[in-house]
Amino acid sequence: MSGFNKVVTSYEEALAGFTDNMTVMVGGFGLCGIPEGLIEQVNKLGATGLTAISNNAGVDGFGLGKWLEKRQISTMIGSYVGENELFEKLLLSGEMEVILTPQGTLAEKIRAGGAGIPAFFTATGYGTQVADGKETREIEGRNYVLEPSLTADFALVKAWKADTMGNLIFRKTAMNFNPMMATAGKITVVEVEEIVEAGDLDPNYIHTPGIYVQRIIKGSFEKRIEQRTIKPTNEQA
Amino acid sequence: MALTRDQIAMRVAQEIQDGYYVNLGIGIPTLVANYIPEGMEVMLQSENGLLGMGEFPTEETIDPDLINAGKQTVTAVTGAAYFSSAESFAMIRGGHVDLTVLGAFEVDQEGSIASWMIPGKLVKGMGGAMDLVAGAENIIVTMTHANKHGVSKILKKCSLPLTGANCIKRVITELAFMEIKDGAFHLLERAPGVTVEEIQALTEADLVIEGDIPEMKV
């Protein structure tokens, strides 16, 4: 690695310095747009006591579901438990602390964290248990909750393409939380489908500029589908 | 006759106008997409980062990178856009979505809604629901009027943890179309063949009934 070349060639290098008790953001919505190889590597490293920030926690046996199985997460910050049975069990038993956060507030907390804004007021969650213990304020006749922003020791991000300097392009709804997380990690590691030379991506269409990115690795992705829904064909309809 | 799930969706669809940006929640709200009136153009917003959601894909066009908020594989229509979750909730929180349709466990006459957890039993997480109810001016809640034991879910005060307080104005159930104002439910329409008395009997909240209540056209 030299100058602005951020490409690493092994997962060990990609997650160098990753230790127990760290705070880690993981991109993705359900299983869509998750950094599969980086998740696998954290699972292999066996780091524990993690605070994981991710919209979901994968499914049983895949994605962050693997960290749950190995009890690597002590605190989970996310918006949706969904159909992940182990997640629900760890939550209900109190074995893992879970801070359920409204999805838009979660996205904005991460965006704000990366943008140097320590907290913001939002109407979301006012009058609900999400606002318990938080400062509230009336602004022009409406009530708002003060939400602190979020940053992380590591942000594990999935993008479609990167150039060697870390400029990123995401694909379709695999974008989701990834761009904000890229800005909010002290060390942002991006796993991509394709790495191209600097200059090969049109600067007009960069989603995330390389300044936010420390390491890039080319991964191979299973891209498991959670809810495979197909339009009925004429014969079936 | 109480409305079917599809008939509830049909009645909701009558509230859609040409050129609307609409967010549909999971369950009955999703069905609304099937009944958008002929000749109207509507763009469906999916909060995971898609404006212009299309129908389900075929085996040939299925793409794991293109899903909706229910994690189902979908397609994108002509003129669609992809964006981040922060951008998506800027649209929602900023009041740019014209109509939001979502489900609920309970609603009450103060306009509060409970839809995301049943303590000790079910924790799904709130997902985007709290942002949606906080951000949207124009919300329709679709739900069943009572549970299978006949216990009303149209309440004076919600008993479950809230998704949002004082934010709901319109509710459509299998029995009735109601508006919440001045601390009470106002009966606007009843399902075909359902009497005002039947609705009253399954409504725990204060229910205002003024004049003849018309039947829904579904």
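Keep in mind that the numbers below use all heavy atoms, side chains included, and drop hydrogens, waters and symmetry copies. Labels below follow one simple rule: chain letters A, B, ... track the order of the sequence lines, proteins then strands, and each chain is numbered from 1. For clarity, every value in this text was computed on a predicted model and none was experimentally measured.
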Show your working on side-chain contact (heavy atoms from CB on, under 4.5 Å) between B:I62 and A:I225 and close with a plain yes or no.
CA-CA 10 Å; B:I62 193 166; A:I225 292 172; 4.1 Å; yes
Please classify the contact between A:V130 and chain B as side chain, backbone, both or neither, with a heavy-atom cut-off of under 4.5 Å.
side chain
Relative to chain B, which of A:A131, A:G33, A:G78, A:C32 shows the most heavy atom pairs under 4.5 Å?
A:C32
Okay, B:T75 and chain A: the region with an atom under 4.5 Å from a heavy atom over there is neither
Would A:R228 and B:E59 count as a side-chain contact (heavy atoms from CB on, under 4.5 Å) here? Give the steps.
CA-CA 10 Å; A:R228 190 185 184 85; B:E59 287 288 354; 3.1 Å; yes
Where does B:E47 contact chain A at under 4.5 Å (heavy atoms): side chain, backbone, both or neither?
both
Counting heavy atoms not belonging to A:I99, are there more than 12 under 6.0 Å from its CD1?
yes
B:F89 and A:Q103, any side-chain heavy atoms less than 4.5 Å apart
yes
Can you confirm whether more than 12 heavy atoms, excluding those of A:E222, are under 6.0 Å from its CD atom?
yes
Which portion of A:L92 sits near chain B, non-hydrogen atoms under 4.5 angstrom
side chain
Could you tell me whether the side chain of B:D131 and the main chain of A:T105 form a donor-acceptor pair under 3.5 Å?
yes
Pick whichever of B:T61, B:L50, B:T58, B:I67 has the most heavy-atom pairs under 4.5 Å with chain A.
B:I67
In terms of heavy-atom pairs under 4.5 Å with chain A, which of B:F83, B:Y82, B:W116 leads?
B:Y82
Structural part of B:N68 lying under 4.5 Å from a heavy atom of chain A:
backbone
Quick one: OG1 on A:T124 to CZ on B:R93, what's the gap to the nearest 0.5 Å?
5.5 Å
Measure distances from A:E193 to the heavy atoms of chain B and classify the residue's part below 4.5 Å as side chain, backbone, both or neither.
side chain
Pair count under 4.5 Å, heavy atoms only, with chain A: among B:G135, B:G164, B:A165, B:A86, highest is B:A86
Answer key: most heavy-atom pairs under 4.5 Å with chain A among B:A69, B:S88, B:A90 is B:A69
Is it the side chain or the backbone of A:I230 that comes within 4.5 Å of chain B heavy atoms, both, or neither?
both
If you tally heavy-atom pairs under 4.5 Å against chain A, which of B:A134, B:G125, B:S85 wins?
B:S85
Atom CD of B:E179 with >12 non-hydrogen neighbours under 6.0 angstrom
yes
Could you check whether B:K71 makes a cation-pi contact with A:F29, meaning its NZ or CZ is under 6.0 Å from the centre of the six-membered ring and within 45° of the ring axis?
yes
When rounded to the nearest 0.5 angstrom, what is the spacing between OG1 in B:T73 and NZ in A:K231?
12.5 Å
B:M117 vs A:Q129, test: side-chain contact (heavy atoms from CB on, under 4.5 Å). Steps then yes/no.
CA-CA 11 Å; B:M117 81 171 290; A:Q129 65 184 51; 4.0 Å; yes
Tell me if the CD atom of B:E41 is crowded by more than 12 foreign heavy atoms within 6.0 Å.
no
Chain B contact via A:R111 - which portion, at a heavy-atom distance below 4.5 Å
side chain
Flag if over 12 foreign heavy atoms under 6.0 Å of CZ, A:F121
yes
Quick one: pull up CE in B:M130 and OG1 in A:T101 and give me the separation to the nearest 0.5 Å.
9.5 Å
Heavy-atom count around A:R137 CZ within 6.0 Å, excluding the residue itself: above 12?
no
Of the backbone (N, CA, C, O) and the side chain (C-beta and beyond), which part of A:R142 lies under 4.5 Å from a heavy atom of chain B, both, or neither?
side chain
Quick check on B:Q72 against chain A: is it the side chain, the backbone, both or neither that has a heavy atom closer than 4.5 Å?
both
Is it the case that over 12 heavy atoms from other parts of the model lie below 6.0 angstrom from the NZ atom of B:K157?
no
Which region of A:N56, side chain (C-beta onward) or backbone (N, CA, C, O), has a non-hydrogen atom less than 4.5 Å from a non-hydrogen atom of chain B, or is it both or neither?
side chain
Could you give the distance from CZ (A:R171) to CG (B:L66), rounded to the nearest 0.5 Å?
8.0 Å
Would you mind checking which part of A:T122 comes under 4.5 Å of any heavy atom in chain B, side chain (CB onward), backbone (N, CA, C, O), both or neither?
side chain
Using a cut-off of under 4.5 Å on heavy-atom pairs, state which of B:G127, B:S84, B:G49, B:A129 scores highest against chain A.
B:G127
